[in-house]
Amino acid sequence: MTSELLDANGTIPVFAGTHVPQLRLPSSVRLEVMQTNGHHAPAATFVETEIISNEEIAPEHYLMRVRSEALANGEPGQFGVIRPGSATDIHPILPRPMAVYQYDKAACTADFVYRVVGYGTAAMAQRRAGDIVEIVGPVGRPFPISDTTNGILIVGRGIGVCSLTTLIDEANRRNIEIYAVFSARNKDVVLGKDMIKKARGNALYVDDSDGSSDVENVEPWISEIIESGRVQQAYVCGSNRLIELVTRLAAPADVETYVSLEAHMACGLGYCHSCATGAFGESAESPLVCRDGPVFRCHPAGVTV
Amino acid sequence: MTSELLDANGTIPVFAGTHVPQLRLPSSVRLEVMQTNGHHAPAATFVETEIISNEEIAPEHYLMRVRSEALANGEPGQFGVIRPGSATDIHPILPRPMAVYQYDKAACTADFVYRVVGYGTAAMAQRRAGDIVEIVGPVGRPFPISDTTNGILIVGRGIGVCSLTTLIDEANRRNIEIYAVFSARNKDVVLGKDMIKKARGNALYVDDSDGSSDVENVEPWISEIIESGRVQQAYVCGSNRLIELVTRLAAPADVETYVSLEAHMACGLGYCHSCATGAFGESAESPLVCRDGPVFRCHPAGVTV
Amino acid sequence: MAVQDTETDSRLGVDLGAGLTLKNPVMPASGCFGPEMGTLFDLGQLGALVPKTIFYGERAGNPAPRTAESPAGMLNSIGIPSRGVEHFLTELLPEYTKYDSPVIVSIGGLGIEEYDRLAERLNGEPGVAGLEVNISCPNLEAGGMEIGASPANVERVLRGVSDRFDGPVIAKLTPNITSIADIAKASEQGGATAISAINTLSGMVIDVDNQRTVTGTMTGGVSGPAIRPIAVRMVWQVCSAVSLPVVGIGGITSAKDALEFILAGATAVAVGTANFTRPTTMLDVIEGLKTYVETHHLSSIDDVRGQLEEGMRVAIEPPRPATPVSGRAG
Amino acid sequence: MAVQDTETDSRLGVDLGAGLTLKNPVMPASGCFGPEMGTLFDLGQLGALVPKTIFYGERAGNPAPRTAESPAGMLNSIGIPSRGVEHFLTELLPEYTKYDSPVIVSIGGLGIEEYDRLAERLNGEPGVAGLEVNISCPNLEAGGMEIGASPANVERVLRGVSDRFDGPVIAKLTPNITSIADIAKASEQGGATAISAINTLSGMVIDVDNQRTVTGTMTGGVSGPAIRPIAVRMVWQVCSAVSLPVVGIGGITSAKDALEFILAGATAVAVGTANFTRPTTMLDVIEGLKTYVETHHLSSIDDVRGQLEEGMRVAIEPPRPATPVSGRAG
Ligand SMILES: Cc1cc2nc3c(=O)[nH]c(=O)nc-3n(C[C@H](O)[C@H](O)[C@H](O)COP(=O)(O)OP(=O)(O)OC[C@H]3O[C@@H](n4cnc5c(N)ncnc54)[C@H](O)[C@@H]3O)c2cc1C
Ligand SMILES: Cc1cc2nc3c(=O)[nH]c(=O)nc-3n(C[C@H](O)[C@H](O)[C@H](O)COP(=O)(O)OP(=O)(O)OC[C@H]3O[C@@H](n4cnc5c(N)ncnc54)[C@H](O)[C@@H]3O)c2cc1C
Ligand SMILES: Cc1cc2nc3c(=O)[nH]c(=O)nc-3n(C[C@H](O)[C@H](O)[C@H](O)COP(=O)(O)O)c2cc1C
Ligand SMILES: Cc1cc2nc3c(=O)[nH]c(=O)nc-3n(C[C@H](O)[C@H](O)[C@H](O)COP(=O)(O)O)c2cc1C
Ligand code: FES
Ligand code: FES
């Protein structure tokens, strides 16, 4: 799993001249586009389906359950691009990218957990059970879990946790040990607890209200897990500081680190080039979050792959 | 109560050169702007108030009750300009003119009955009790009821009936005999029956389903009322054919006929000139429905006033 | 509920040049305002008052319907009916001068000379604090769009008006042109003391079942939130091209929107269509600007004028606004 | 639910000139479409396929973020990243020619000569049914807007392309100009066999809390329903100015919207932003047009092209559409 670097310079034409600072990733981290290596993740479909439920699960946070065989059969880390409202002629006209929080393959359902932050998510929160929702999905490259892995570390913050929760189910199914750090602004909105509980994973829940989410506070716990050799792969989403921390601690221990990125999207399919990874080049295009991501491999800066 | 004619030619500068055909009024009818004669109808206010209820009362028809002293103290024929949604930045941005269907001065409430025909009225139908609604009102010149009147004829069709119902209450209060013809596409959506019942008025309810609403069918009834001398004033809204019919029958009997007109509006206050009466002139502006109307006097064509 | 009055806040005071100082940067856009609004709230709270464009003589408007909606916007083909300057001075102006806000009179012309005559007639009239020269209405058979699209004509019109009128002369530009910067420069050249931008974008809405346009004319002017991004861009271009104060106009519905124009370089703003949507929008904008100067610790709203940087840049955690500007929807 | 396939209806066939006939008048707008949509439905149902504009050589796009929303519209500053014509011919074109629809290749240039080189290179290439000459992208540092705003340059570009390419050459016009009629005439003069209009309107959206533009560049292009009235007006002006077939573009979300353009004179239409909103919009438009020809008893959709009358006129009882065109919201 080697390849094109986002900040490589001229050597790989497609991403030549890209600038990591555009991404505001910590300068200590560099990203790598994963090779698919013959693995074909489920392809996107156009899902026009019924909302089964859409309930507030925490302050400002909602869970929308929809019926869809295609979405229910996505892989961890893939996402959907959801149209918030029902009219096409009026605001908002762009769909919103949303990770799948949980699949139920048997029941053919997929759950989205979202935080109301702007007009689109507010419109989503207004939808009711029985309404028709339109989704393009599943899209994106999933998180890889290697066959030789027997423990994984999952580190997420805020709604970033939603991109990671499907890993919990999958790891559980494969009898892989789960270690998670889930962070949020306050205790009420730490997501993912239900998933950890179901999978009997090990987790540290931290938040800003008591300072427990400070990097200095979570570092020892993460450090210990990594140094103990209990995990072979690590997955991060939702916080620059946590990405930088995990990447720094994981590299010396040969623990592979993956991040799921966000970007403004329009098509979600890879044709509009809206979601280029914040990078730009003098001579060519940078990778797309929807098609080449949202999952990327992380390395400490200076590492050449 | 004499004045400027909409189709007058050059004699009264403001309305000179206006063309009645623009209004698609039957060519047999000409309009006259009422003089206020010192009567000051209640002035418009900006009402930002609570919706008390908003219920479907007939197929596609809703009744919205709002709390407002200003609106409750309007006069028959005045209306409100209502913002359908709550956001200001997105569609729809123009308010909708709506007649007041019924006042309750004691309870300080006003009712609007509206038919869902487009995006704005559909948005209105989505509003719930407790939501805040914004209304400019009461606006417009009310229907005059002369002190010497002891009987009135009210002829309305479709949602045009909503502009006439407040006349029923007012006439009842003043012990004036009420004769009404209310028409609609089908029996379910004939409006105003509740108001007539309350006031114990005489009414003919007709509709298209059995042909009872045909002009030939209502003509004898109206004709008889007028010829019997039981009414001194007639009020029409919502149908060209009925305006033409009533104007034609009323004139020989010296029954004054009034019509309430519709026009696309923006301000509802008289400054934007959106609602000019469909007339245009080579040298000057035509009357405004919101400020000079919505109530106008009708005469048979050829009458000079 | 009664409309809440706003209190004057000296931090909102702005200078539109040529002696025209405003207590706050918020005024109505011409054609979207009238003394009739005075029944709703005290108009003296506004930075300035701008009546609908007047012509020298009397003229009629366009056939009805004159307004329609378009997505997040509206189309108007009012056509500027006017009873003429004499009627304005005797009947209308006194309705505006009752309030404690300067009156900026918007003038239009069917030809270049009409502007000259209007400037001459209005010069020295008490209560006329300045002129806005509407060279941009797209609804007129003559004058309007044609004059505003040619730098030479624009310079000539502004020269004529500024030579004849001793006071602030604001050129109101059309957006229906290739380079608004060139027109702004021509206005400056002609003696304009400020610029206002933009007027409506020419547009057309069709009723496909009736195979007719929805207004009584073939085309109308598009205004409202839909045009805001275009208006902000044009104001930014004008501010980069000339050193005159600019009044930003186009789709403003909230303080947030007004601030987009101010950050793009506008000294003041005018609210048009949103006065129909919510007649107290201008008061909401003033209140929101007060909150902004307060939370951003500004000694004057003018301190943020033109303080715009390029590109928000993607961040994994986008910087969340510390103190979000209150504004409705979006 | 699977996407419903549409059936070919001969009444929808249109002729775009120079031998380019389409089974129906509905195609995607350049930049808002890719072979990736083929996983969602059979692209062979479309009237034509239009890939994103290509350049001769490789070029990068703009800094992120590249898209944002505006009221009823969106802003994009993608900037046309391109891997160049050779990559297009070997890697991308085969992805399009798989389908039973003609491929119209959109070409761009940083300078006039680049168009010439592209036309030369693409001439005779199997699978290239025609060229769309994008002289209108407002995001380019050079080329784009500048070329498209000058009639002389436009004529020169079209002359160069049509001299070198033996097939349909469609000029895609920018709306950021004073007279689109003049640019359309220049295109015709230069040898264009059809016109498409419009590209995006230059615009700017500002994050007032961060005092930055919301895209990585100062300005972007506004598209979507918000610009539809402007686009319809411009298409009507183009159709009045030239006798070439026109592809109407701008804010189309339904058959109703498409019919506005057709009534204004367009022979075909392209759907851009709405492909993001609802990826099956183009199929919805085709289905809606079928309903229209059916209920209006037309033998060809072309029978209503340009059949527009002025002014709906006010009526006390406005004529209710006998057969409303199905279309979402509005
Ligand atoms: C792959 C991926 C997975 C995501 N998963 C989740 C999830 O599971 N739960 C959740 O709550 N959120 C998730 N997000 C973020 C979510 O897409 C944004 O919060 C949402 O788009 C905000 O929309 P809005 O209309 O409420 O905000 P606004 O700020 O009003 O949106 C304006 C525009 O900016 C875009 N935008 C704004 N913020 C973001 C953002 N952070 N990322 C991408 N686009 C943005 C919107 O899509 C819209 O086009 C995910 C983002 C990505 C890229
Ligand atoms: C004085 C007056 C009183 C009215 N009273 C009532 C009433 O009591 N009940 C009721 O159901 N309707 C009434 N109407 C008609 C009502 O205003 C329209 O049905 C309503 O505006 C349609 O809005 P829409 O968004 O649903 O339709 P759309 O067709 O989507 O509206 C688009 C635009 O056209 C305008 N418009 C469309 N139809 C009309 C119309 N007939 N009159 C004026 N503007 C129109 C809308 O206001 C909006 O600006 C009245 C109209 C007037 C002028
Ligand atoms: C109904 C209406 C009438 C207008 N009349 C005039 C006018 O008389 N003179 C003028 O300079 N601008 C006129 N305008 C343009 C506005 O002043 C303003 O420039 C434009 O509407 C953009 O601002 P907005 O989006 O806030 O409405 C009018 C606009 C509307 C909507
Ligand atoms: C994201 C995006 C990318 C675009 N890229 C191109 C392009 O590469 N070439 C081009 O000619 N037009 C491009 N356009 C313009 C569209 O083809 C179309 O002309 C415009 O968006 C108006 O149509 P719409 O409102 O239906 O989107 C692009 C538009 C968008 C929104
Ligand atoms: S969102 Fe369109 S390419 Fe990624
Ligand atoms: S609606 Fe504005 S003048 Fe009548």
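Below, chains carry the letters A, B, ... as their sequence lines are ordered, and counting in each starts from 1. Keep in mind that the numbers below use all heavy atoms, side chains included, and drop hydrogens, waters and symmetry copies.
- With hydrogens and angles ignored, the 3.5 Å screen pairs no side-chain donor or acceptor of R83(A) with any backbone N or O of R278(D).
- For R66(D) against S274(A), the heavy-atom pair with the smallest separation is CB-O, 3.5 Å.
- Looking at D257(D), only its side chain comes within 4.5 Å of chain A, counting heavy atoms on both sides.
- When each of A274(D), G73(D), G84(D) is checked for heavy-atom pairs under 4.5 Å with chain A, G73(D) comes out on top.
- A donor-acceptor contact shorter than 3.5 Å links the side chain of E69(D) to the backbone of L94(A).
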Give the intermediate values and the outcome of side-chain contact (heavy atoms from CB on, under 4.5 Å) for residues V214(D) and H264(A). CA-CA 11 Å; V214(D) 296; H264(A) 284 222; over 6 Å; no

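- Put simply, of G224(D), P225(D), G31(D), the one with the most heavy-atom pairs under 4.5 Å next to chain A is P225(D).
- When heavy atoms are compared at a cutoff of 4.5 Å, T39(D) approaches chain A by way of both its backbone and its side chain.
- A salt bridge is defined here as a Lys NZ or Arg NE, NH1 or NH2 lying under 4.0 Å from an Asp or Glu carboxylate O, and D89(A) with K256(D) fails to meet this definition.
- The two residues M74(D) and A266(A) have their closest heavy-atom pair at CE-CB, 4.4 Å.
- Residue-environment remark: CZ (R127(A)) exceeds the threshold of 12 foreign heavy atoms within 6.0 Å.
- Counting all heavy atoms, side chain and backbone alike, T45(A) lies closest to L40(D) at C-CD2, 3.4 Å.
- What you find for P71(D) and H91(A) is that their closest heavy atoms are CA-ND1, 3.6 Å.
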Quick one, T253(D) with I93(A), criterion side-chain contact (heavy atoms from CB on, under 4.5 Å). Give me CA distance, side-chain angles, the key distance, then yes/no. CA-CA 10 Å; T253(D) 70; I93(A) 56 160; over 6 Å; no

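- The heavy-atom pair separating A276(A) from A64(D) by the smallest distance is O-CB, 3.7 Å.
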Residue pair M37(D), Y271(A): steps toward the side-chain contact (heavy atoms from CB on, under 4.5 Å) verdict: CA-CA 8 Å; M37(D) 282 193 107; Y271(A) 67 76; 3.5 Å; yes

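- Rounded to the nearest 0.5 Å, atoms CD (E134(A)) and OG1 (T277(D)) are 9.5 Å apart.
- For E69(A), the CD atom is loosely surrounded, since the number of other residues' heavy atoms within 6.0 Å does not exceed 12.
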